[in-house]
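Working notes for the structure below.
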Amino acid sequence: MGIPFEKLTPPKWGGQIPGPVDWTPLELGPRCVLDPPVILSPMAAVTNPPFRKICRELGAGLVVTEMVSDKGLVHRSERSMAMVDLQPDEAPVGVQIYGKDPETMAEAAKVAESMGADLVDVNMGCPMRKVVSSGHGAALLRQPERVRDIFCAMSEAVDVPVTGKTRAGWEKTDVIDVACAMEEGGAAALTIHGRTRCEGYDGHVDLAVIAELVRSVGMPVIGNGDICDWQSARRMFHTTGCAGVMVARGALGNPWVFREIAADLRGEPIPPRPTPEKRRATVMRHIELYVDSFGVERTSREIRKHLLWYFRGTPGEKALRRRLSGLETLADVEAALDAALSANEGIREVAAKSHPRGA
Ligand SMILES: Cc1cc2nc3c(=O)[nH]c(=O)nc-3n(C[C@H](O)[C@H](O)[C@H](O)COP(=O)(O)O)c2cc1C
């Protein structure tokens with residue numbers, strides 16, 4: 001399934017952009033202070049170490065791994081270890097775990113903590129059929145008692161905060177029961193994507209259900225859904241009273257969204273869009289981090305989607321698509337990047353001079 005970018009539309013304003021946000025850093029634990037409380041969402045096959053690092057460097061107050069299976073962590077499977085692979089300089093960083101058995105979840109949380117997690121998060125929102133049909137992800141939305149047991153076991157097992165990420169409900173917006181169960185189990189915070197499991201990505205995110213949750217529970221609530229710039233972040237903070245915001249699709253190809261939201265929260269001028277040179281430098285850094293983590297072969301395969309996201313909707317996207325099938329070496333990747341930049345801005349010569357190509 002492709003990423004539903006076309007559905008990433010900020011809620012209708014219905015008036016002026018709200019004024020500055022009254023916020024404080026979100027302290028979830030001694031090692032986990034979110035300053036600013038602006039978080040990179042867990043995203044499967046996306047929030048790996050290179051992308052997490054880029055987003056941290058550009059202002060995210062917390063980054064989270066993609067969802068990792070509890071059993072994979074407990075058995076320390078190579079695949080799960082590689083998904084987590086926490087780096088000291090990305091802290092604070094959370095590990096998101098999916099599972100349904102309290103004891104295994106508690107064991108998995110211990111493994112994540114031993115790997116350096118500053119927070120462990122429980123996936124209670126994944127809508128994918130193969131995930132929910134085995135009782136994981138959003139299936140937990142229909143089992144508040146199990147949720148309580150999972151949080152009790154995990155909170156007992158680790159010293160770092162245990163949080164959960166949900167949708168607004170399964171079919172109806174009835175997440176409050178689950179949220180209360182989490183709280184009883186010792187959850188430190190809850191992130192809510194304001195759509196039900198059945199809605200997928202349709203329509204606008206329901207800010208009213210997030211606001212209701214904020215009023216109904218004592219723990220901090222983090223608002224998620226359709227945030228793609230400082231205005232939509234403000235809207236989320238103001239309309240819901242949430243303690244923090246989480247960004248997923250809005251960061252794909254646009255990690256600069258974090259410094260934009262961070263600057264707005266701090267009352268600083270909104271940074272201008274990155275110049276082509278700065279854009280190139282960030283994309284190159286992303287590629288270099290990717291190579292450090294995964295080697296050239298995997299990078300040239302996996303970086304394609306990121307490159308397409310960086311140039312989505314621009315003339316560069318077309319130029320890039322023409323070269324994607326031939327990406328094998330780093331030089332190919334860099335040449336494709338320059339072709340895309342050149343199609344956008346005509347800066348090929350400048351870029352070539354400042355970055356002589358290697359093999
Ligand atoms: C490619 C992709 C992968 C995702 N993987 C996860 C995941 O592993 N765990 C999770 O809790 N949510 C996952 N999500 C959901 C997002 O974290 C987020 O809740 C959702 O996209 C709504 O936020 P947005 O409007 O900012 O995109 C994923 C979303 C996308 C687009």
Side-chain angles (χ1 to χ4, degrees), residues 1-11 38-48 51-52 55 60 62-70 72-73 79-80 83-84 93-99 112 119-128 130-132 136-141 162-169 175 178 182 189-197 199-207 209-210 221-233 235-237 240 242 244-255 257-258 260-261 302 304-306 308-309 312:
M1 192 185 80
I3 309 278
F5 280 115
E6 70 290 352
K7 295 181 176 162
L8 177 57
T9 47
V38 182
I39 306 165
L40 169 68
S41 254
M43 278 184 278
V46 176
T47 55
N48 52 23
F51 191 59
R52 297 197 306 258
C55 293
L62 174 77
V63 292
V64 185
T65 66
E66 62 186 294
M67 59 178 193
V68 191
S69 118
D70 58 348
L73 279 176
R79 187 158 173 265
S80 301
M83 284 174 171
V84 174
V93 55
V95 172
Q96 192 189 59
I97 308 176
Y98 74 94
L119 169 155
V120 287
D121 185 67
V122 179
N123 183 310
M124 302 189 295
C126 181
M128 282 163 61
K130 72 170 188 214
V131 173
V132 294
H136 301 111
L140 292 175
L141 287 168
V162 182
T163 58
K165 179 166 176 286
T166 72
R167 283 188 167 238
V175 68
V178 166
M182 281 175 62
L190 160 67
T191 301
I192 169 171
H193 172 195
R195 289 185 177 89
T196 62
R197 188 263 172 183
E199 281 170 331
Y201 280 92
D202 290 345
H204 290 301
V205 69
D206 183 347
L207 298 181
V209 72
I210 303 179
V221 172
I222 295 154
N224 169 237
D226 297 353
I227 297 173
C228 56
D229 50 23
W230 62 272
Q231 295 95 326
S232 41
R235 167 87 171 192
M236 177 65 84
F237 274 112
T240 67
C242 63
V245 293
M246 188 180 261
V247 184
R249 288 167 298 162
L252 301 179
N254 184 25
V257 69
F258 292 107
E260 182 181 319
I261 299 172
E302 291 187 6
R304 294 166 200 211
K305 66 183 177 201
H306 288 277
L308 284 171
W309 292 333
R312 194 166 54 89

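Since this is a predicted model, take the numbers as computed values, not measurements. Whatever order the structure lists them in is the order used to number ligands and atoms, beginning at 1.
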One residue to check: Met43. Relative to ligand 1, which of side chain, backbone, both or neither has a non-hydrogen atom less than 4.0 Å away? both
Contact check, side chains of Cys242 and Phe237, non-hydrogen atoms, under 4.5 Å: yes
Quick one: does Met246's side chain get under 4.5 Å of Ser41's, heavy atoms only? yes
What distance do Arg197 atom CZ and Met124 atom CE have between them, rounded to the nearest 0.5 Å? 16.0 Å
From Met67 atom CE to Gln96 atom CD, the distance as rounded to the nearest 0.5 Å: 7.5 Å
Which of the numbered atoms in ligand 1 are under 4.0 angstrom from any heavy atom belonging to Ser41? 16 (C), 17 (O), 18 (C)
Any atoms of ligand 1 less than 4.0 Å from a non-hydrogen atom of Asn123? List them with their elements. 9 (N), 10 (C), 11 (O)
I need the nearest protein heavy-atom contact for atom 1 (C) of ligand 1: residue, atom name and distance, please. Ile3 CD1, 3.3 Å
Considering heavy atoms of the protein only, find what lies nearest to atom 21 (O) of ligand 1 and give residue, atom and distance to 0.1 Å. Tyr201 OH, 2.7 Å
Before signing off on this row, confirm whether [X] and ligand 1 have an N or O atom pair separated by under 3.5 Å.
X: Met67; answer: yes
X: Ala44; answer: yes
X: Arg195; answer: no

Taking the minimum heavy-atom distance to [atom], which of [options] ranks first?
atom: atom 14 (N) of ligand 1; options: Gly225, Pro42, Ala248; result: Pro42
atom: atom 9 (N) of ligand 1; options: Gln96, Lys305, Arg249, Lys165; result: Gln96
atom: atom 23 (O) of ligand 1; options: Val257, Asn224, Asp226; result: Asn224

Would Asp226 and Arg235 pass as an ion pair if we require N to O under 4.0 Å? no
The residue among Leu252, Leu40, Ile261 that forms side chain to side chain contact (heavy atoms under 4.5 Å, CB included) with Val247 is Ile261
Between the side chains of Thr163 and Asp121, is a donor N or O closer than 3.5 angstrom to an acceptor N or O? yes
Classify the angle between the aromatic ring planes of His136 and Tyr98 as parallel (below 30°), tilted (30 to 60°) or perpendicular (above 60°). perpendicular
